[in-house]
Enquirer: 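What follows is a single structure, and I will ask about it in a moment.
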Protein chains: 2
Amino acid sequence: MENFHHIGSCPIRDVLSKLGDKWTMLIMVTLKTNGTMRFCDIQKTIGDISQRMLTVTLRSLETDGLIVRKVYAEVPPRVEYSLTETGYSLMPHIESLVGWALEHMADIMERRGVREEVRS
Amino acid sequence: MENFHHIGSCPIRDVLSKLGDKWTMLIMVTLKTNGTMRFCDIQKTIGDISQRMLTVTLRSLETDGLIVRKVYAEVPPRVEYSLTETGYSLMPHIESLVGWALEHMADIMERRGVREEVRS
DNA sequence: CGGGATCCGTGCCGATACTG
DNA sequence: CAGTATCGGCACGGATCCCG
């Protein structure tokens, strides 16, 4: 853990720019939990993701080699997504982070004041 | 690791909304590496963070109880920041994620094509 | 069913100027 | 030194329409 930043590339910036967006982690956790899934099922599981963002994020994950996209030549079309080995190797670290969140997020929310209300 | 999402709060969304922004993790890693630091030193270490974003992010981290802010009644003013116990407890999980990034980011960058060039 | 293309609002963040 | 205040760009992401 050196002082990476400031020169070329920084692993913190890299990992955050890839996985720090609104939907990437949610999709990967969903795929890890449910295994291979179809486009529509992922969308229904997450619930409030738009078609556009699901497509965009899936494409990005596929490009990065974290998920695989498998198209079946049928009508109606069927496309299935699943984690790659690399994608799978990321999950323990995420779960570790989620574990921390489950322990401390209640306190953090309380400090910050829950008077932000519903807002949505 | 259940299907948290869609109802009330989701630990993934929580943790990402708190730590997923551009500077939070960088500041925490900096503080973990260097220990107690002054405002100006943090800024110089990170290099390209603006005064505004450093202030805003530090305040947010303080509110969440991840760092402590200690003001000394001197002239010129001196303010020191350091990780709290809670903040410290987060770092191993981050380092674990950074470790993963160091192993796989090169491949990911290669896949994505480094033809995005410099851009900055 | 599983997208692609387009338009557009919001909010993050940077730049700048000023202060105790 | 360590901020606060204000303005504004621009990218992220939502809504909508269309297609094979």
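Values reported hereafter were calculated over all heavy atoms of this structure, with side chains retained and with hydrogens, waters and symmetry mates removed.
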Enquirer: So does E74(A) have more than 12 non-hydrogen atoms from other groups sitting under 6.0 Å from CD?
Expert: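 Counting neighbours around CD of E74(A), more than 12 heavy atoms of other residues, nucleotides or ligands fall under 6.0 Å, so yes.
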Enquirer: Just how far, in rounded Å, is P of dA5(D) from CG of L54(B)?
Expert: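 Answer to the nearest Å: 16 Å.
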Enquirer: Backbone N or O of D14(B) within a donor-acceptor pair of the S17(B) side chain at under 3.5 Å?
Expert: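 Indeed, once roles are kept as given, a pair shorter than 3.5 Å links the two residues.
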Enquirer: Going 5' to 3' through nucleotides 13-20 of chain D, assign each nucleotide B (protein heavy atom under 4.0 Å from a base atom), S (under 4.0 Å only from sugar-phosphate atoms) or - (no protein heavy atom that close).
Expert: BBB----B
Enquirer: Suppose we screen for salt bridge (Lys or Arg N to Asp or Glu O under 4.0 Å). Which residues come up paired with D64(B), at least two apart in sequence or across chains?
Expert: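 Salt bridge (Lys or Arg N to Asp or Glu O under 4.0 Å) check on D64(B) returns R112(A).
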Enquirer: What is the separation between atom NZ on K18(B) and atom P on dC12(C), rounded to the nearest whole Å?
Expert: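 Distance, rounded to whole Å: 12 Å.
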Enquirer: For L58(B) and dT4(D), give me the distance from atom CG to atom C1', rounded to whole Å.
Expert: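 In whole Å, dT4(D) C1' lies 14 Å from L58(B) CG.
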Enquirer: Tell me if a side-chain donor or acceptor on T30(B) pairs with a main-chain N or O of L26(B) at a distance below 3.5 Å.
Expert: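 Yes.
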Enquirer: Treating T84(B) as the side-chain partner and G65(B) as the backbone partner, does any N or O pair qualify as donor plus acceptor under 3.5 Å?
Expert: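 Checked: pair present.
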Enquirer: To the nearest Å, how far apart are M37(A) CE and dC1(C) P?
Expert: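 So the two atoms are 15 Å apart, to the nearest Å.
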Enquirer: Distance-only, no hydrogens or angles: does the T45(A) side chain make a donor-acceptor pair with backbone N or O of D41(A) under 3.5 Å?
Expert: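 Pair found, side chain donor or acceptor close to backbone of D41(A).
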Enquirer: Checking all strands, does Y81(B) fall into the base, sugar-phosphate, or nothing category for heavy-atom contacts under 4.0 angstrom?
Expert: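 Here Y81(B) touches the backbone only, sparing every base.
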Enquirer: Please state how far atom CZ in R78(B) lies from atom C1' in dG20(C), giving the value in whole angstrom units.
Expert: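 About 18 Å, once rounded to whole Å.
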Enquirer: Whole-Å distance between dC1(D) C1' and F39(B) CZ?
Expert: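 Going from F39(B) (CZ) to dC1(D) (C1'), I get 9 Å.
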Enquirer: Among R38(A), R69(A), M37(A), K70(A), exactly one meets side chain to side chain contact (heavy atoms under 4.5 Å, CB included) together with Y81(A). Which residue is that?
Expert: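 One option only clears the test, and that one is R69(A).
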Enquirer: Looking at residues 59-71 of chain A, who's got a heavy atom less than 4.0 Å off DNA chain D?
Expert: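 Per residue number, the list is empty: none.
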Enquirer: Without decimals, in angstroms, what is the distance between Q43(B) CD and dG3(D) C1'?
Expert: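 Nearest whole value for this atom pair: 11 Å.
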Enquirer: Can you check side-chain contact (heavy atoms from CB on, under 4.5 Å) on E62(A) and R111(B), steps first, answer last?
Expert: CA-CA 10 Å; E62(A) 187 194 8; R111(B) 279 174 160 276; over 6 Å; no
Enquirer: Any donor and acceptor pair, going by atom type alone, linking the side chain of T63(A) with main-chain N or O of R59(A) inside 3.5 Å?
Expert: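 It does hold such a pair.
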